[in-house]
Amino acid sequence: MSKPASPAYIGRFAPTPSGYLHFGSLVAALASYLDARAVGGRWLLRMEDLDPPREMPGAQDAILRSLETYGFEWDGPLARQSQRHDAYAEVLQRWLSQGLAYACTCSRKQLEQHQGVYPGFCRNAGHGSENAAIRLRVPELEYRFIDRVQGEFRQHLGREVGDFVIRRRDGLYAYQLAVVIDDAWQGVNAVVRGADLLDSTPRQLYLQELLGVAAPSYLHVPLLTQPDGHKLGKSYRSPPLPAEQARPLLLRALRALGQDAPEALLELPPNAILAWASQHWQVDRIPRTLSMAEAQLR
Ligand code: GLU
Ligand code: ZN
């Protein structure tokens, strides 16, 4: 009797349209793309447009255009989190009624001295959920996983994170909730993304546990600085990736990921560069840290 086939690889790229794609997001997109294509896997695209006030007008189109210009081809239709509110609401209501989540009316000021770890003030207050943030109770447990590049990562949810927000007071759903519901809904079983999300992963493992879904594998690539030296954070609004620089920037991104990128690739169109790179993809060459990644670029 033949064994059941292992589930095929399903990866994704999930940009937030608060700005254009920058070099760091290109590196993350490239890593997730190559990791999927190297094994003949699927690569999905999901727009994480959860936060209209922070959305930059035109960013969604610009992101799609950049991805196309840089040779990326995604499978299936683009998913948009702005279309998924019913799914988030359903989970949230269930957890509220089960007492796993609760309403929090604390002001930012009240929480100021607690270094980001919510002290549980509203845990048993029984506030109504109107006009309140919704927090998820976390267990007093350490969550751990083995990242494919970063190695073992551990975090104690009670001590280091605390009950965290899954719907904001203004009614917007939190990234942590939406990302886990949607990865499960889309069947994603391999997450490749920037290392800024490493310390979100234990919260996501807990959310998966509550949803009863399997955790995907995780690979967090090092964060990079702009060629001009700017740290690539959420606050720095970078210009769009230049269309006419697609080939050299793809080579640079490959090198930042520790991959071979012979100069001869500059002769190829972007999608052929990606095809070549997916055939030569070597996860064990991805540097763990920014300094190592930047050394590759010299
Ligand atoms: N939307 C997130 C970001 O742009 C990425 C989410 C993820 O890959 O889990 O930072
Ligand atoms: Zn509170």
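We count residues from 1, following the sequence as given. Just so you know, ligand 1 is whichever comes first in the structure, and atom 1 is the first atom listed for that ligand.
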Subject >> ligand 1-proximal atoms of Val179, by part, heavy-atom distance under 4.0 Å >> reply: side chain
Original post:
Would you call the rings of Tyr33 and Trp43 parallel, tilted or perpendicular, where under 30° means parallel and over 60° means perpendicular?
Top reply: perpendicular
**OP:** May I ask whether Tyr175 places a heavy atom under 4.0 Å from ligand 1?
**Re:** yes
Subject >> Proximity of Tyr218 and Phe145 rings by center, below 6.0 Å >> reply: yes
Original post:
Where does Val191 meet ligand 1, judged by heavy-atom distances below 4.0 Å: at the side chain, the backbone, both, or neither?
Top reply: neither
Original post:
Of all the atoms in His127, is at least one N, O or S atom closer to the Zn ion (ligand 2) than 2.8 Å?
Top reply: no
Original post:
Is the shortest distance from a heavy atom of Arg12 to ligand 1 less than 4.0 Å?
Top reply: yes
Original post:
Are His114 and Phe121 close enough that their ring centres sit under 6.0 Å apart?
Top reply: yes
Original post:
Can the positive tip of Arg144 be found less than 6.0 Å from the middle of the six-membered ring of Phe153, inside 45° of the ring normal?
Top reply: no
Original post:
Do the side chain of Asp147 and the main chain of His220 share a donor and acceptor less than 3.5 angstrom apart?
Top reply: yes
Subject >> Per-atom contacts, ligand 1 versus Thr16 - under 4.0 Å to a heavy atom >> reply: 1 (N), 2 (C), 3 (C), 4 (O)
Subject >> Close N or O approach (Ala14, ligand 1; < 3.5 Å) >> reply: yes
Original post:
At a 4.0 Å threshold, what atoms of ligand 1 neighbour a non-hydrogen atom of Glu48?
Top reply: 1 (N), 2 (C), 5 (C), 6 (C)
**OP:** Using side chain to side chain contact (heavy atoms under 4.5 Å, CB included) as the criterion, point out the one residue from Gln150, Arg148, Arg193 that pairs with Leu219.
**Re:** Arg148
Original post:
Roughly, to 10 degrees, what angle do Tyr118 atom OH and Cys104 atom SG form around the Zn ion (ligand 2)?
Top reply: 100°
**OP:** Could you label the plane-to-plane angle of the Tyr88 and His85 rings as parallel, tilted or perpendicular, counting under 30° as parallel and over 60° as perpendicular?
**Re:** tilted
